[in-house]
*Asks:* 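Got a structure for you, questions after.
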Amino acid sequence: MDRLHINGGVSLEGEIRIAGAKNSALPILAAGLLTAEPLQVCNMPHLVDITTMLELLGCMGVQRVVDERMNVQIDSSTIRNLKAPYELVRTMRASILVLGPLLARHGRAEVALPGGCAIGSRPVNQHVAALRSMGASIEVENGYIRAEVEGRLKAAHVFMDVVTVTGTENVMMAASLADGQTIIENAAREPEIVDLADCLNRMGADIKGQGSNTMVINGVEELHGCSFAVMPDRIETGTYLIAAAATRGHVKVKDTCPQTLEAVLRKLEQAGASLRVGEDSIELDMRGRRPRSVSLRTSPYPAFPTDMQAQFTALNAVAAGTGSITETVFENRFMHVHEMNRMGANIRVEGNTVIVEGVESLKGAPVMATDLRASASLIIAGLVSQGETTVDRIYHIDRGYECIEEKLQSLGARISRVPVRSG
Ligand code: UD1
């Protein structure tokens, strides 16, 4: 298990390239199960979650070929096993994304109930209810979801009680091969949903309304292979911009998609950042100034993303003034707060809101990462601290950030990865 050592106090300066989006690549890899033809996925980020998804597909008998440009080809014509075992699913909640495709194309699936980030209770009842309404019989027993359907799934009018990203994706994939027209109401509108719909349509699906809260999917008899490049990672983009703002730096992120970051860019401007937005780049300059506190509330897209609130908490921790951050998507997503307070931050939790009173600077300390985005926020806190911070349990960060220490080093940060021997 590795640990990150950070010597804070450096303003980030320079340019980095943004990787492909984890939350887009994962459902698109699962979509490879919907066809017997090869699906080529390009702009794939190098992340542990991607390796986990490839391993999961591999244990089902799907062939995976990675070429010299790191494009991945999925060939599910060789599939022989329709089970997603607990050992893999427990490390990555997004494994649930194989449920819809397996059921739609093979009529059967057995998927362990997911684990993933320790951020409150994260049920999958919406996935199960929607697939049941499409004719699947589903039982949950011994920690497994066992699903089957006689013949094809049937189209349905699906109303999601809560906006769920992977829930919407599971239904989209299942409905692509179902018999008739499926309508998803209260669908998630995240850009990754649009990316998946674009990929499925290129595979021959008939999906309309992606990006709005009502999607209409006309099922087709079969899907075929294609080549598809996943969109840039908006959460990675936002994380580096927030790190630049918190350290009073000047950073340009390239190969990104600024339109997917509206809510985050507005908050960075409120924090005092000057932004120059290009077609596929964003340049942020703090001109050496201390950021101002911002207040925000998380909600499904296009509102402010839950995956970025922990990073803004780190920024507020050293900003001028007091800011409040309200989390409405997940319960229990404030585990980073106690670690930041150990670094000298002044943050208190009141229900689902944190009130952050900015201090001049934090002090380095040993801290522990608890989930993916909390890890990113602790790294930002380390970058704005005086002295040394060590971040333990960084396997969380490797799930979602490609080469984070190399990218931060290239921006001037003093950060290194140190292996920790057990025993
Ligand atoms: C996805 C993202 C994750 C992000 C989250 C919210 C992927 C792989 N992960 O996670 O990074 O933080 O969206 O933007 O894309 N819920 C139910 N029943 C369900 C499903 C969800 O009650 O069946 C609730 C959850 O507990 C949560 C809310 O709905 O409170 C949103 O969760 P959801 O959108 O499903 O998150 P994920 O798709 O798991």
Side-chain angles (χ1 to χ4, degrees), residues 20-31 45 47-50 52-53 56 89-100 111 113-133 138 140 145 147 158-174 184 186-197 213 230-231 233-239 260-261 263-264 297-311 326-335 352 371-377 396-397 399-401:
K22 167 179 92 70
N23 288 353
S24 182
L26 292 172
I28 286 173
L29 287 173
L47 299 170
V48 172
D49 269 9
I50 298 297
T52 306
M53 182 58 94
L56 176 58
V89 177
R90 77 189 169 96
T91 63
M92 187 183 68
R93 180 186 159 79
S95 313
I96 189 72
L97 287 165
V98 302
L99 179 62
V111 180
L113 280 171
C117 281
I119 44 176
S121 68
R122 298 182 72 175
V124 289
N125 56 315
Q126 299 291 317
H127 305 234
V128 169
L131 293 170
R132 275 189 180 137
S133 73
I138 304 184
V140 180
I145 301 169
V158 175
F159 186 91
M160 295 288 188
D161 286 343
V162 294
V163 178
T164 154
V165 177
T166 48
T168 303
E169 291 165 346
N170 246 334
V171 179
M172 285 162 69
M173 291 190 279
I184 313 177
N186 203 24
R189 300 164 61 186
E190 269 64 7
E192 293 78 11
I193 299 269
V194 178
D195 217 32
L196 173 64
N213 56 11
V230 302
M231 61 175 281
D233 197 310
R234 64 193 168 100
I235 309 297
E236 189 196 24
T237 304
T239 300
T260 61
L261 280 132
V264 173
R297 185 184 175 86
T298 68
S299 251
Y301 192 85
F304 189 92
T306 172
D307 284 349
M308 220 92 85
Q309 57 93 342
Q311 299 88 317
T326 303
E327 171 60 57
T328 75
V329 178
F330 289 113
E331 300 162 30
N332 195 15
R333 210 177 186 183
F334 291 141
M335 259 109 82
N352 65 343
D371 73 48
L372 172 53
R373 306 305 168 184
S375 316
S377 74
H396 291 292
I397 202 102
R399 290 188 38 217
Y401 290 90

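What you see is a predicted model; the values in this text were computed from it and never measured. As the structure lists them, so they are numbered: ligands from 1, and atoms in each ligand from 1.
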*Asks:* Can you name the nearest heavy-atom pair linking Val329 to Glu327, along with the distance?
*Replies:* N-OE2, 2.8 Å
*Asks:* Is Asn352 reaching over with its side chain to a backbone N or O of Thr326, donor-acceptor style, under 3.5 angstrom?
*Replies:* no
*Asks:* Heavy atoms only, cut-off 4.0 Å: how does Met308 contact ligand 1, side chain, backbone, both, or neither?
*Replies:* neither
*Asks:* Could you see which bit of Asp307 sits under 4.0 Å from ligand 1, with heavy atoms only: side chain, backbone, both or neither?
*Replies:* side chain
*Asks:* Just to check, does Arg333 reach to within less than 4.0 Å of ligand 1 when the distance is taken from its heavy atoms?
*Replies:* yes
*Asks:* Of the side chain and backbone of Arg93, name the one, both, or neither that has a heavy atom under 4.0 Å from an atom of ligand 1.
*Replies:* side chain
*Asks:* Which one of Thr306, Asp161, Thr164 has a non-hydrogen atom at the shortest distance from atom 35 (O) of ligand 1?
*Replies:* Thr164
*Asks:* Heavy atoms only: which of Ala25, Pro123, Pro27, Ser95 lies closest to atom 20 (C) of ligand 1?
*Replies:* Pro123
*Asks:* Applying a 4.0 Å heavy-atom criterion (strictly less than), which segment of Asn125 is in contact with ligand 1: side chain, backbone, both, or neither?
*Replies:* both
*Asks:* Counting heavy atoms only, which of Val162, Asn23, Thr166 comes nearest to atom 37 (P) of ligand 1?
*Replies:* Thr166
*Asks:* Judged on heavy-atom distance to atom 28 (C) of ligand 1, which of Val329, Ile235, Ile96 sits nearest?
*Replies:* Val329
*Asks:* With Ser24, which residues qualify under side-chain hydrogen bond (donor to acceptor under 3.5 Å, both in side chains), at least two apart?
*Replies:* Asp195
*Asks:* Determine whether any heavy atom of Glu192 lies closer than 4.0 Å to an atom of ligand 1.
*Replies:* no
